[in-house]
Amino acid sequence: MTPTRAAATQAASCHEPAGRDALMRWLAERADGIETDPASLAPEIAAIGRAGLLAACLSIAEGGQDLGLRAETAIDAFDWLRRMGRANLSVARLFEGHMNAAKLLHLYGGQAQRTRVAQAVRQGALLGVWGADGARPLRRASIDGRHRLDGEKIFASGLGLVRFAVVTLRDDDDDGSSRLALVDVSDPGRQDPSAWKASGMRATCSGRFDFTGLEIDAGHHVGQPGAYACEPHFEGGTWRYCAAQLGGAEALVDLWRARLADMGRLEDPMQSMRYARAVSLCRAMASLLRETCQMVETAASGRAAAIDEAVAAALLAREFVEESCAEILHLAEKSLGTAAYVSGTAIERVRRDLSLFLRQANPDGKLLKAGRLLAAMPPW
């Protein structure tokens, strides 16, 4: 962490509330000023760590609470991702990456890896999962018995905040199968936040990380080649970011309602209809995602047919969440008009963040995969 971020984190902690409910309110109150704050989300991540939420994603054996690791904790994981999305979508994005990384290490990591990472997480370290390759895809080359990385990751959320990232890479001496590695990404000299040009999710400190020249050994590998794409944890795990998106949609609806009330237009019939439609979509998303997260995490120990059914359900839920959030955005924008676009307002920030966060990679491919899985199943 840079000196500026460290000082800002210490200053923010002096005003940090006690209790997790108060913490969520604090995150929401600070959200508007984060995009232009040089400390970015460092105070938020530190506060989440002190509240025990980072460590909660570890297994019980490692001092955590199994949050997001087992079917029994799926609903709790859903609730926390939703609550963080409602408070600040950028915070939720980083927490979802942390939970995902902890899950991958729990599933595929070695004991030494898990022990090392758990110790760091209990001290406040943030984890991440970086999969998007840049112009130079990340590869590992073996030279004179030493393993050296070459390439970069883009859209790497949490630059300067993430301590360890689980990354996808390919070996020069294999058949091209992707594999996972755990890499310390705390070196500021390799971070390029200027590569993040998006209008939304600015506070995530996303950007490019250059791995060229870093050396790793077998102890950095996480699982076998191809482990990352194993189901139901790969596509099935989309419920996690959908939960955060739901929280963002709920935040927008809350802000929209408050704005209508301030303008004395909440009782207008057309406005009431739009608002009621948005609330109904939020409730439908919540109900579907609760069912989906349990279905996915329960299927992990089931037969192949149950896994396929859970993956299809997760992909369909992802599609429904994207379409529902897009409709909510449209309704809010139509209802509020130019007020939804005024820079520096919470409504404009949430609208912009949610619009970008919905744009996940290869949505058509995900829906096509769901259709193929469904076609191979018995009819209802």
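Owing to the predicted nature of the structure, the values given are computational and were not obtained by experimental measurement.
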For residues 89-99, which side-chain donor-acceptor pairs fall under 3.5 Å, sequence neighbours excluded?
| residue | atom | partner | partner atom | Å |
| --- | --- | --- | --- | --- |
| E96 | OE2 | R240 | NE | 3.3 |
| H98 | ND1 | L127 | N | 3.0 |
| H98 | NE2 | L54 | O | 2.9 |

Checking T73 side chain against D66 main chain: does a donor-acceptor pair fall under 3.5 Å? yes
Exercise answer: donor-acceptor pairs, residues 309-318 side-chain atoms, under 3.5 Å, sequence neighbours excluded:
| residue | atom | partner | partner atom | Å |
| --- | --- | --- | --- | --- |
| R318 | NH1 | E322 | OE1 | 2.8 |
| R318 | NH2 | E322 | OE1 | 3.1 |

In one Ile/Leu/Val/Met/Phe/Trp/Tyr side-chain cluster, 4.5 Å: L266, V279: yes
Pairs flagged by ring-ring contact (aromatic ring centres under 6.0 Å, His included) wherever residues 320-368 is involved - sequence neighbours left out: none
Taking S335 for its side chain and L331 for its backbone only, find out whether a donor-acceptor pair lies under 3.5 Å. no
Heavy-atom pair of closest approach, residues I34 and A203: CG2-CB, 3.3 Å
Does one side chain, of E348 or S343, offer a donor that lies under 3.5 Å from an acceptor on the other? no
Any pair with a residue in residues 222-231 that passes side chain to side chain donor-acceptor pair (under 3.5 Å), sequence neighbours left out, goes on the list, sorted by first then second residue, please. E231-K369
Shortest non-hydrogen contact between A361 and K366, atoms and distance: O-CE, 3.1 Å
Are L288 and L367 in one and the same hydrophobic cluster, where Ile, Leu, Val, Met, Phe, Trp and Tyr link if side-chain heavy atoms are under 4.5 Å apart? no
Count the heavy atoms belonging to other residues, nucleotides or ligands that lie under 6.0 Å from CZ of R372, then report whether that count exceeds 12. no
Minimum heavy-atom distance A249-I328, with the two atoms named: CB-CD1, 4.1 Å
Look at the side-chain heavy atoms of Ile, Leu, Val, Met, Phe, Trp and Tyr, link any pair under 4.5 Å apart, and say whether V121 and L107 land in one connected group. yes
N/O donor-acceptor pair under 3.5 Å between R190 side chain and D210 backbone: yes
May I have the step-by-step check of side chain to side chain contact (heavy atoms under 4.5 Å, CB included) for R202 and R352, ending in yes or no? CA-CA 10 Å; R202 293 174 181 169; R352 179 163 36 82; 3.7 Å; yes
Nearest 0.5 Å please: distance from the CG atom of L182 over to the NE2 atom of H221. 11.0 Å
Between S186 (side chain only) and R163 (backbone N and O only), is there a donor and an acceptor less than 3.5 Å apart? no
For the residue pair W256 and Y275, does the interplanar ring angle fall in the parallel (under 30°), tilted (30 to 60°) or perpendicular (over 60°) class? perpendicular
Using a 3.5 Å distance criterion without hydrogens, assess whether the side chain of T115 forms a donor-acceptor pair with backbone atoms of A112. no
Ignoring hydrogens and geometry beyond distance, is a side-chain donor-acceptor pair present between R122 and Q119 at under 3.5 Å? no
With no hydrogens and no angle check, just 3.5 Å: does a side-chain donor-acceptor pair link H220 and R140? no
Tabulate below the donor-acceptor pairs under 3.5 Å that side-chain atoms of residues 297-307 make, not counting sequence neighbours, or state none.
| residue | atom | partner | partner atom | Å |
| --- | --- | --- | --- | --- |
| E297 | OE1 | K103 | NZ | 2.6 |
| E297 | OE2 | W239 | NE1 | 3.1 |
| T298 | OG1 | Q294 | O | 2.7 |
| S301 | OG | T298 | O | 3.4 |

Which heavy-atom pair separates E250 from C282 by the least distance, and what is that distance? CG-SG, 3.8 Å
Is atom CE of M263 surrounded by more than 12 heavy atoms (other residues, nucleotides or ligands) closer than 6.0 Å? yes
Looking only at the side chains, is there a donor atom on one of R114 and Q111 sitting less than 3.5 Å from an acceptor on the other? yes
Apply side chain to side chain contact (heavy atoms under 4.5 Å, CB included) to L180 and V167, showing your working. CA-CA 6 Å; L180 297 174; V167 300; over 6 Å; no
Is it true that, when you exclude R259 itself, more than 12 heavy atoms of the residues, nucleotides or ligands shown sit nearer than 6.0 Å to its CZ? no
If every non-hydrogen atom of A101 is compared with every non-hydrogen atom of V166, which pair is closest and at what distance? CB-CG2, 4.1 Å
Count I, L, V, M, F, W, Y as connected when their side-chain heavy atoms are under 4.5 Å apart, and connections chain through other members. Are V185 and W196 then in the same cluster? yes
Should L69 and Y108 be regarded as members of a common hydrophobic cluster, given that ILVMFWY residues are connected when their side-chain heavy atoms come within less than 4.5 Å of each other, either directly or indirectly? no
Return the orientation label for the F211 and W130 ring planes: parallel under 30°, perpendicular over 60°, tilted otherwise. perpendicular
Could I get the full list of side chain to side chain contact (heavy atoms under 4.5 Å, CB included) partners for A229, not counting sequence neighbours? F234
Donor-acceptor check, side chain of R179 to backbone of G223, threshold 3.5 angstrom: yes or no? yes
